[in-house]
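Written below as structure tokens is the structure these notes are about.
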Amino acid sequence: MTRSVYDIPVKTIQGPETTLNQYQGKVLLVVNVASKCGLTPQYEGLQKLYKDKKMQGLEILGFPANNFLEQEPGSEAEIQEFCSVNYQVDFPLFAKISVAGEDKHPLYTTLTQAVPERIGEGPWWKDLVDYGLTPNQPPEVLWNFEKFLINKNGEVVARFAPDITADDPRIVDAVNAELAK
């Protein structure tokens, strides 16, 4: 049986241990983030979506990860400062975790088991291959900024490829549908 996302221990970016239990009844968009990635400008769209939908019950939860070409090398304090100064991020950020491989955090084990396939596999996958990289195959997280949508009951209902931005109609429509339930 898959573990509830609400019960999995995580650490805030400031350090205290917690769980996602405080987000029960909210729609969650869980994103593995990185500060030195070509996709890093997605912070802007994520922050806008958060600002637009927070009062309706959306929480965006950022989990820094250094799994892909070491594109999140900083400390938690450096990550938090980078996000605040460069993108005015005020959605919750958590301590750096592993989102792929043998040391994958239990949260990401749960997320990837719940929804093994991504929406939006496109030409970006080919770009990784063209750069000489071997992208992870599903169910593993492909790259930074992969997004998991969790409904108000804590069920993972959708998963979006890294290059699908927060303003993409596939994400916006899915978020709106979950908020309306």
Side-chain angles (χ1 to χ4, degrees), residues 1-35 42-43 46-47 49-51 53-68 72 74-77 79-80 83-84 89-120 136-162 164 166 170-181:
M1 180 171 169
T2 303
R3 195 172 179 185
S4 169
V5 295
Y6 297 133
D7 299 330
I8 300 168
V10 294
K11 287 184 180 179
T12 68
I13 201 156
Q14 295 86 10
E17 293 226 8
T18 188
T19 65
L20 302 184
N21 196 39
Q22 63 189 308
Y23 300 108
Q24 284 191 34
K26 304 241 182 203
V27 173
L28 307 178
L29 190 64
V30 175
V31 186
N32 60 300
V33 295
S35 302
Q42 286 193 30
Y43 270 123
L46 291 166
Q47 179 58 36
L49 180 63
Y50 181 64
K51 182 180 172 193
K53 302 291 181 182
K54 180 180 173 132
M55 296 307 289
Q56 296 173 43
L58 175 68
E59 290 289 341
I60 295 178
L61 308 179
F63 286 86
N66 200 32
N67 293 91
F68 308 104
E72 188 56 274
S75 68
E76 273 75 11
I79 294 165
Q80 188 171 26
C83 291
S84 177
V89 166
D90 66 354
F91 56 79
L93 294 171
F94 292 82
K96 196 180 329 183
I97 62 172
S98 176
V99 300
E102 291 187 20
D103 63 342
K104 182 178 2 176
H105 190 279
L107 174 62
Y108 271 79
T109 298
T110 299
L111 295 173
T112 57
Q113 285 175 351
V115 180
E117 297 291 330
R118 296 175 280 273
I119 295 169
N136 288 336
Q137 298 292 321
E140 288 291 327
V141 169
L142 174 61
W143 205 258
N144 303 308
F145 290 91
E146 195 153 317
K147 298 149 197 83
F148 291 85
L149 184 63
I150 300 170
N151 70 15
K152 295 175 185 177
N153 298 319
E155 300 161 330
V156 185
V157 295
R159 176 179 179 178
F160 301 93
I164 304 299
R170 292 171 284 189
I171 289 181
V172 174
D173 292 349
V175 166
N176 286 337
E178 292 304 324
L179 289 171
K181 292 181 182 176

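Keep in mind that the numbers below use all heavy atoms, side chains included, and drop hydrogens, waters and symmetry copies.
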| message | Main chain of Lys96, side chain of Glu76: is a donor-acceptor contact present, judged purely on distance under 3.5 Å? | response | yes

| message | Which residues pass the ring pair (Phe, Tyr, Trp, His ring centres under 6.0 Å) test with Tyr23, not counting sequence neighbours? | response | none

| request: Hey, could you give me each pair passing salt bridge (charged side-chain N to carboxylate O under 4.0 Å, His left out) that has a residue in residues 11-32? Not counting sequence neighbours. | output: none

| What pair of heavy atoms forms the shortest contact from His105 to Ile97, and how long is it? | CD2-CG2, 3.6 Å

| said: So, taking the atom named NZ in Lys53 and the one named CG in Leu29, what distance separates them when rounded to the nearest 0.5 Å? | reply: 12.5 Å

| field | Over all atoms of both residues, closest heavy-atom pair of Ile171 and Leu49 | value | CG2-CD2, 4.3 Å

| field | Under 3.5 Å donor-acceptor, Thr112 side chain and Tyr108 backbone | value | yes

| Which atoms form the tightest heavy-atom contact between Ala65 and Asn32, and what is the distance? | CB-CB, 4.5 Å

| request: Give me the one residue out of Leu107, Val31, Leu111 that meets side chain to side chain contact (heavy atoms under 4.5 Å, CB included) with Phe63. | output: Leu107

| said: Side chains of Ser98 and Asn67 only: does a donor on one sit below 3.5 Å from an acceptor on the other? | reply: yes

| query | Is any side-chain heavy atom of Val27 closer than 4.5 Å to a side-chain heavy atom of Leu149? | reply | yes

| said: Gln56: which residues meet the side-chain hydrogen bond (donor to acceptor under 3.5 Å, both in side chains) condition with it, sequence neighbours left out? | reply: none

| Is any side-chain heavy atom of Val33 less than 4.5 Å from a side-chain heavy atom of Phe145? | yes

| query | To the nearest 0.5 Å, how far apart are SG in Cys83 and CG in Asp90? | reply | 11.0 Å

| said: With salt bridge (charged side-chain N to carboxylate O under 4.0 Å, His left out) as the rule and sequence neighbours excluded, what pairs involving residues 172-181 come up? | reply: Glu178-Lys181

| task | Only pairs at least two apart or in different chains count here, so list each salt bridge (charged side-chain N to carboxylate O under 4.0 Å, His left out) that has a residue in residues 138-162. | result | Lys104-Glu140, Arg118-Glu146, Glu146-Arg159

| query | If you take all heavy atoms of Ile60 and Phe91, which pair is closest and at what distance? | reply | O-CB, 3.3 Å

| Just how far is it from atom CG of Asn151 to atom CG of Leu179, taken to the nearest 0.5 Å? | 11.0 Å

| remark: OG (Ser4) and CG (Asn21) are apart, to the nearest 0.5 Å, by 8.0 Å

| query | Hey, are Tyr6 and Gln22 close enough side-chain-wise for a donor-acceptor pair under 3.5 Å? | reply | no

| task | Search all heavy atoms of Tyr43 against all heavy atoms of Ala34 and return the closest pair with its distance. | result | CE1-O, 4.0 Å

| message | Determine whether a donor-acceptor pair (N or O, by modelled atom type, separation under 3.5 Å) exists between the side chain of Gln42 and the backbone of Pro162. | response | yes

| message | Looking at every non-hydrogen atom in both residues, tell me the closest pair between Tyr50 and Leu58 and how far apart they are. | response | CE1-O, 3.8 Å

| query | To the nearest 0.5 Å, how far apart are CZ in Phe94 and CG in Leu61? | reply | 5.0 Å

| said: When you compare the side chain of Ile119 with that of Ile164, does any pair of heavy atoms fall below 4.5 Å? | reply: no

| field | Set of residues satisfying ring pair (Phe, Tyr, Trp, His ring centres under 6.0 Å) with respect to Phe68, sequence neighbours excluded | value | Trp143

